[in-house]
2 protein chains.
Amino acid sequence: MSLPFEPVEFEPVYRKVAAALLERITDRTLKSGDRLPPELELARQFGVNRSTVREALRELESTGVLRRQRGSKLMMVSRPERDAVADGVSRALALHDVSIRDVWESLTILEPPIAEAAARQRRAADLARIESTFSRAMDRSAEAAARQAADFFRHVGEATHNRVLMLAHEPLLQLLAPSLRTIIDEVAPARARIATAQRHILRGIRNGDPAEARLWTGKHIRDYRRGFDLAGIDLANRVEP
Amino acid sequence: MSLPFEPVEFEPVYRKVAAALLERITDRTLKSGDRLPPELELARQFGVNRSTVREALRELESTGVLRRQRGSKLMMVSRPERDAVADGVSRALALHDVSIRDVWESLTILEPPIAEAAARQRRAADLARIESTFSRAMDRSAEAAARQAADFFRHVGEATHNRVLMLAHEPLLQLLAPSLRTIIDEVAPARARIATAQRHILRGIRNGDPAEARLWTGKHIRDYRRGFDLAGIDLANRVEP
DNA sequence: ATGGTGCTATTATCGGACAATCGGACTATT
DNA sequence: AATAGTCCGATTGTCCGATAATAGCACCAT
């Protein structure tokens with residue numbers, strides 16, 4: 001026998017308030033940069049207690065649509081920043097026991113087309129950004145080198161001028177960072193190989209040569225795969241948050 | 001002149017409490033399914049007021065690491081569900097004025113390799129799920145047909161058994177849904193063309209033929225592009241949340 | 001313009017209160 | 001034995017009121 005009745009739904013007031021505010025934000029009645037009315041005023045308008053309003057605000061704050069400048073008490077409407085969103089995605093993936101292989105496989109899929117798009121769409125400012133990252137010393141700590149490698153990908157992504165792509169691959173970079181760091185630490189030739197690949201990718205992008213950018217990015221990612229083996233990292237390990 | 005000092009950081013207590021709880025969740029001290037101590041107990045342990053604890057809980061609740069069964073008051077630790085995470089990503093992208101072209105371009109990049117991976121990784125249960133979606137009537141309302149089309153992609157994604165990929169393309173499906181619905185509504189042959197493409201993709205996956213799955217998925221996505229034109233949808237329009 | 005000075009509005013946090021209701025135990029009914 | 005009725009304590013949702021700290025702002029004096 002099937003279930004003839006839907007479960008009766010009850011929504012606490014704080015969530016209704018949050019939903020109402022979010023509605024105004026997504027429909028642009030409240031625009032990014034606007035300051036939110038004071039809590040007491042909101043409480044009056046919604047006809048609820050200030051505590052209830054505050055719970056709703058916390059909810060919106062953590063999704064990134066509300067924010068306050070550092071050391072300010074004014075609550076501003078805002079757009080969720082890439083980092084914040086990506087953090088949430090990374091955390092979710094980590095909690096779901098995603099493996100390093102899963103992440104690497106996704107990079108395999110995403111990164112070459114991104115580089116290709118970057119080579120097509122790049123503008124002067126993008127090139128400058130990538131180049132400044134590229135020229136950053138790789139001979140620093142493994143920590144710094146890993147950050148450099150991630151930034152390189154990040155800036156290539158930015159050169160596509162496609163926010164969907166940028167946001168989609170940001171969590172991958174975050175989740176791969178720890179193992180990347182290990183590889184650079186453990187595998188002697190890693191830095192040099194990374195630098196070489198980056199040079200070719202950068203050339204492809206600079207010259208507006210999508211095929212080259214894609215090709216070398218593919219090699220680069222496949223090279224990481226060898227790095228995992230050489231560094232003794234088990235691809236079945238789950239990523240860390 | 002550069003900035004010689006970092007801004008001194010102040011974190012409200014409710015965020016510290018949230019961070020402390022999140023820490024315990026990510027390090028698996030609190031495992032998914034565990035019930036959270038009562039608010040008063042938490043307040044005692046943290047040495048703060050219950051209201052403060054509640055604000056922290058709202059934050060964690062909205063990120064999906066805390067949840068309550070429908071109609072239950074027990075707060076359980078949980079892993080963020082795909083839908084919830086994807087909602088957040090979609091909202092963020094929408095607020096950033098992402099265009100339909102951006103989303104479509106990302107689909108172009110993601111979907112073919114996903115179908116390819118699905119053809120390689122699929123198991124019996126995956127096939128059954130895709131097939132059941134496929135056989136769902138396309139001749140219903142545009143609404144239902146659009147949902148069917150999205151579900152098809154979704155289930156193909158699930159057949160990859162790679163949660164990163166599943167999560168990455170979920171927001172694309174969400175954001176494309178409205179325009180997809182318009183296409184099906186406005187362009188007469190859309191349903192038939194979608195059905196044809198799905199049939200070929202399904203065959204590729206069923207036969208474990210990655211090349212075929214990839215090929216037809218590529219065609220399929222490119223076909224959508226024509227659909228936008230025929231339906232009079234401007235690719236520069238921003239997606240709706 | 002720049003730097004003080006002081007008021008007010010607003011937030012962060014607290015304490016306590018009360019109604020609703022969920023979980024569970026215990027009992028009665030068939 | 002399984003189901004339905006009854007009851008109680010624990011817990012949450014929401015409210016009220018209060019206080020300290022301080023950001024925002026206006027006003028004033030250089």
Nucleotide of D/dA23, C/dC14, C/dT11 approaching B/Val48 most closely (side-chain heavy atoms)
C/dC14
Looking at B/Glu9, I want to see if its CD is surrounded by more than 12 non-hydrogen atoms of other residues, nucleotides or ligands under 6.0 Å.
no
Heavy-atom nearest nucleotide on DNA chain D for A/Leu74 versus A/Pro12: which residue maps closer to 5'?
A/Pro12
Quick one: label B/Arg68 by what it contacts on the DNA or RNA (base, sugar-phosphate, nothing), any heavy atom closer than 4.0 Å.
sugar-phosphate
Does OP1 or OP2 of D/dG13 have a side-chain N or O of A/Ser51 closer than 4.0 Å?
no
Return no unless some side-chain N or O of A/Tyr14 is found under 4.0 Å from OP1 or OP2 of D/dT14.
no
Counting only non-hydrogen atoms, which of residues 37-47 of chain A are less than 4.0 Å from DNA chain C?
A/Pro38, A/Glu39
Axis-to-axis angle across the helix from C/dA1-D/dT30 to C/dT30-D/dA1, five pairs each end, nearest 10 degrees, ~ 30°
Nearest-Å distance for atom pair CG/P, residues A/Leu57 and C/dT10:
14 Å
Could I get a table of every N or O pair under 3.5 Å where one atom is in the protein and the other is in nucleotides 20-22 of chain D?
from	atom 1	to	atom 2	distance (Å)
D/dT22	O2	A/Lys73	NZ	3.0

Spacing of B/Met76 atom CE relative to D/dT12 atom P, expressed in whole Å:
14 Å
Exactly one of A/Thr63, A/Leu36, A/Val77, A/Asp34 should register a side chain to side chain contact (heavy atoms under 4.5 Å, CB included) with A/Ile25. Which one does?
A/Val77
Whole angstrom is fine here: how far is it from CD in B/Glu11 over to C1' in C/dA12?
14 Å
What is the distance from CZ of A/Arg70 to C1' of D/dA23, rounded to the nearest Å?
11 Å
Contact under 4.0 Å: B/Thr52 side-chain N or O vs C/dC14 OP1/OP2
yes
To the nearest angstrom, how far is A/Met75 atom CE from C/dT11 atom C1'?
9 Å
Between the CD atom in A/Glu158 and the CZ atom in A/Arg129, the distance rounded to the nearest 0.5 Å is 4.5 Å
Do B/Asn237 and B/Phe228 come close enough that some side-chain heavy atom pair is under 4.5 Å?
no
Within the distance-only criterion (no hydrogens, no angle test), does the side chain of A/Thr108 pair as donor or acceptor with the backbone N or O of A/Trp104 below 3.5 angstrom?
yes
Are more than 12 heavy atoms, taken from residues, nucleotides or ligands other than B/Glu41, located less than 6.0 Å from that residue's CD atom?
yes
Does C/dA12 have its OP1 or OP2 closer than 4.0 Å to a side-chain nitrogen or oxygen of A/Arg54?
yes
Residue from A/Arg147, A/His155, A/Arg154, A/Gln148 passing side chain to side chain donor-acceptor pair (under 3.5 Å) with A/Asp151
A/Arg154
Indicate yes or no: at least one non-hydrogen side-chain atom of A/Gln121 is less than 4.5 angstrom from one of A/Asp126.
no
Nearest 0.5 Å, what's the OH-CD distance between A/Tyr14 and B/Glu55?
12.5 Å
Heavy-atom nearest pair, A/Ile130 first then A/Ala159, reads CD1-CB, 4.2 Å
Would you say B/Asn49 places a side-chain N or O within less than 4.0 Å of OP1 or OP2 belonging to C/dG15?
yes
Please check if atom CZ in B/Arg15 has more than 12 non-hydrogen atoms from other residues, nucleotides or ligands closer than 6.0 Å.
yes
Whole angstrom value for the distance that separates C1' of C/dT13 from CZ of B/Arg15:
15 Å
Can you find an N or O donor on one side and an acceptor on the other, under 3.5 Å apart, linking the side chain of B/Arg50 with the base of D/dG13?
yes
Report yes if the side chains of A/Ile233 and A/Glu186 come closer than 4.5 Å at any heavy-atom pair, otherwise no.
no
